[in-house]
Engineer: 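Attaching a single structure in structure tokens format; questions to follow.
Numbers here simply count residues along the sequence, with the first being 1. None of these values were measured; they are calculated from a predicted model.
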Amino acid sequence: MKRSLLHRWLPLATAIVLTACSTARPWINKPITAAAAAAALPISPAATAASPSIVAAITLSGGGARAAAFGLGVLEELKATRFEWEGRKTSLLDEVGLISGVSGGSVLATYYAAFGDEVFSRFHEDFLQADFQTGLILDALSPPTLYRLGSPWWGRSNAFNRRLDPVFRGMTFGELRAQRARPQLLVTATDLTTGGPFEFTPEQFGLICSELDSVPLSFAVAASSSVPLLLSPMTLRNYADRCAEAAPSAAADPAGRNLSARLLDLVADSYRNSQERPYIHLVDGGVVDNLGVRGLLERTLAGGTFEASFKGLQPGSVHQIVLISVNSERDTAERIDGSDRVPGHLQVLDALVFGAGSRLSKETTMMIDDVAQRMNEALRFERGRPGSPFAADAEIHVINVGLRQLKDPEMRRNLMQVPTALTILPIQVEQLQRAGREVLRESPAFQRLRRSLGADPQSLTAAAADPTR
């Protein structure tokens, strides 16, 4: 009996002892090379559009597997929206030049950016049905992971990163750029020190004099999904002292720049002193922007003019500008305002994460609508003018898609209570996918876009039967 107990507990006891002297270190980013710096291009939905006449971007919010399933339904509906454009048959999804994701939405955004239409045949198997949550817990209890977790340089999110890497087949940003130039991918995390967004873009990595191409896709997704306290921050090295490009521009005139431009300058300046900040610690991108769209809006506003966001395009080439923002937020677990009892710790945490988070998402949605109105006003003035990239018939379509828009009240209530977790029930996955297709299909703004594109009315029926046909 004693021998049996000894054999049972010996591996765990050995692992615990080993953790006391663990020196395991995870992957860390490297300084940028001159060649990589010269090849870096800014993120822009216009830069890689299949046709420069359609400039389209999709943003996918956080929300764990709930967000991934709901967003997948939206992608299915976009793929089913088929039309003829400039003499060729295409779909709205195929015209997307940029896909942005935060937290759970970054898993789907990165998978689609890397593997395209495989998302419709393999994403279920690779992520939604993989029981990531149980696998992560079991992995955390294994002796090798226990040893690594005993290291001061290795955290729970590094273990999550290792679980994600096979999902993205070990691909790096450089390999993604070489194999699939479009759509461009934008993954956003939160800088734990500044509370500002940290985007996995060449420009952002240029600020820390590091090379984005060598970064594994799984690292970016793990950083964007590192919920504070539940998971640990992910760490990058700041090499700004080695790179002349990180120095501030002497030509910049803060007094002559608008608020968005000054805020972006402030974020950039926070990385320039690498002696003060030699390391950058990243957590869930939903902390600062759960919709994954604020960065795009801020850069648009920072340019000063709407036209500046489309520089480099041929005059009169742009006919359609499309932004689809997918919001997979959930409700708080219970309404604490219905009782006079002092809320407990879990109730307070739930209200802070989902109540305050919902308010921030509403503010962002209002910001989207406000920017869209200003863009429409600017477009009416600029389209058709000599030298303008906007054709005389150019239009802007901003489409907000969210679970709150579901018409069935019972289904809406049920789906907005699906937990924010890495694994959810198969029936919930199916219902969320169907909801994503339905909400987008019934959106008045989306229906206006379909009419403007001359989309085949039969594709609405086809989408219900086979969204990827």
Side-chain angles (χ1 to χ4, degrees), residues 26-33 35-37 39-43 45 47-48 50 57-60 65 67-68 71-72 75 93-94 96-130 132 135-136 139 157-189 198-206 208 210-226 231 234-237 282 285 292 422:
W27 174 91
I28 194 73
N29 57 307
K30 303 298 182 184
I32 198 169
T33 63
L41 293 173
I43 287 285
T48 57
I58 306 170
T59 64
L60 300 171
L72 181 58
L75 297 190
L93 184 60
D94 294 330
V96 169
L98 183 144
I99 186 165
S100 167
V102 166
S103 196
S106 73
V107 182
L108 177 61
T110 303
Y111 197 97
Y112 176 70
F115 310 122
D117 287 352
E118 283 189 52
V119 73
F120 303 121
S121 58
R122 295 193 54 173
F123 188 66
H124 268 267
E125 177 184 348
D126 288 347
F127 182 73
L128 289 175
Q129 296 175 347
F132 248 73
L136 192 61
D139 181 63
S157 288
N158 297 110
F160 181 38
N161 178 24
R162 286 173 61 88
R163 294 279 301 172
L164 280 171
D165 197 48
V167 175
F168 303 112
R169 305 171 201 174
M171 189 178 290
T172 65
F173 276 87
E175 291 166 339
L176 171 63
R177 184 165 57 86
Q179 296 176 28
R180 282 180 56 84
R182 53 172 299 278
Q184 290 190 332
L185 173 65
L186 178 61
V187 175
T188 304
F198 186 98
E199 298 176 336
F200 283 78
T201 64
E203 303 99 309
Q204 183 81 65
F205 272 71
I208 60 173
S210 186
E211 182 180 347
L212 178 64
D213 278 359
S214 64
V215 178
L217 297 182
S218 59
F219 183 96
V221 173
S224 182
S225 306
S226 292
L231 292 171
M234 297 287 280
T235 302
L236 290 171
R237 179 73 186 271
L282 305 175
L422 293 173

Engineer: Identify, with sequence neighbours excluded, every residue that meets salt bridge (Lys or Arg N to Asp or Glu O under 4.0 Å) alongside E175.
Structural biologist: none
Engineer: Going by heavy atoms in the side chains, are L176 and F115 under 4.5 Å from each other?
Structural biologist: no
Engineer: Using atom types as modelled and distance alone, determine if a side-chain donor or acceptor of S106 lies under 3.5 Å from a backbone N or O of V187.
Structural biologist: no
Engineer: What closest approach, in Å, do A113 and L185 show between heavy atoms, and which atom pair accounts for it?
Structural biologist: CB-CB, 3.9 Å
Engineer: Counting C-beta onward and ignoring hydrogens, is there a side-chain heavy-atom pair between L72 and F127 closer than 4.5 Å?
Structural biologist: no
Engineer: Test of understanding: with ring-ring contact (aromatic ring centres under 6.0 Å, His included), list the residues that count as partners of F173, not counting sequence neighbours.
Structural biologist: none
Engineer: Quick one: CE on M171 to OG1 on T110, what's the gap to the nearest 0.5 Å?
Structural biologist: 11.0 Å
Engineer: If you draw a 6.0 Å radius around CZ in R162, do more than 12 non-hydrogen atoms from other residues or ligands fall strictly inside?
Structural biologist: no
Engineer: Of all the heavy-atom pairs spanning E211 and S214, show the shortest one and how long it is.
Structural biologist: O-OG, 3.3 Å
Engineer: How many angstroms lie between atom OG1 of T172 and atom CH2 of W27, to the nearest 0.5 angstrom?
Structural biologist: 9.5 Å
Engineer: Nearest 0.5 Å, please: how far is OG in S226 from CG in L231?
Structural biologist: 5.5 Å
Engineer: Under 4.5 Å between any side-chain heavy atoms of I58 and L93, yes or no?
Structural biologist: yes
Engineer: If you take all heavy atoms of K30 and S210, which pair is closest and at what distance?
Structural biologist: O-OG, 2.7 Å
Engineer: Nearest 0.5 Å, please: how far is CG in D213 from CG in N29?
Structural biologist: 13.0 Å
Engineer: Does a side-chain heavy-atom distance below 4.5 Å link L75 with L108?
Structural biologist: yes
Engineer: What closest approach, in Å, do T59 and G292 show between heavy atoms, and which atom pair accounts for it?
Structural biologist: CG2-O, 3.6 Å
Engineer: So do L422 and F160 actually touch side chain to side chain, heavy atoms under 4.5 Å?
Structural biologist: yes
Engineer: Do side-chain atoms of S224 reach the backbone of V102 as a donor and acceptor pair under 3.5 angstrom?
Structural biologist: no
Engineer: Could you pull out the closest heavy-atom pair between F168 and Y111, with the gap in Å?
Structural biologist: CE2-N, 3.7 Å
Engineer: Going from CZ on F219 to CD1 on I28, what distance comes out if it is rounded to the nearest 0.5 angstrom?
Structural biologist: 6.5 Å
Engineer: Looking only at heavy atoms, which two atoms of A222 and M234 are closest? And how far apart?
Structural biologist: CB-CE, 4.1 Å
Engineer: Could I get the full list of salt bridge (Lys or Arg N to Asp or Glu O under 4.0 Å) partners for D126, not counting sequence neighbours?
Structural biologist: R122
Engineer: Given the rule in the side-chain contact (heavy atoms from CB on, under 4.5 Å) test, do F200 and L282 qualify, once you have shown the distances and angles that lead to the verdict?
Structural biologist: CA-CA 11 Å; F200 283 78; L282 305 175; 3.9 Å; yes
Engineer: Just checking F205 against F198, ring centres under 6.0 Å apart?
Structural biologist: yes
Engineer: Is any side-chain heavy atom of L212 closer than 4.5 Å to one of Q204?
Structural biologist: no
Engineer: Supply the atom-to-atom distance S218 OG to L164 CG, rounded to the nearest 0.5 angstrom.
Structural biologist: 6.5 Å
Engineer: For the pair S225 (side chain) and V221 (backbone), establish whether a donor and an acceptor sit closer than 3.5 Å, ignoring hydrogens and angles.
Structural biologist: yes
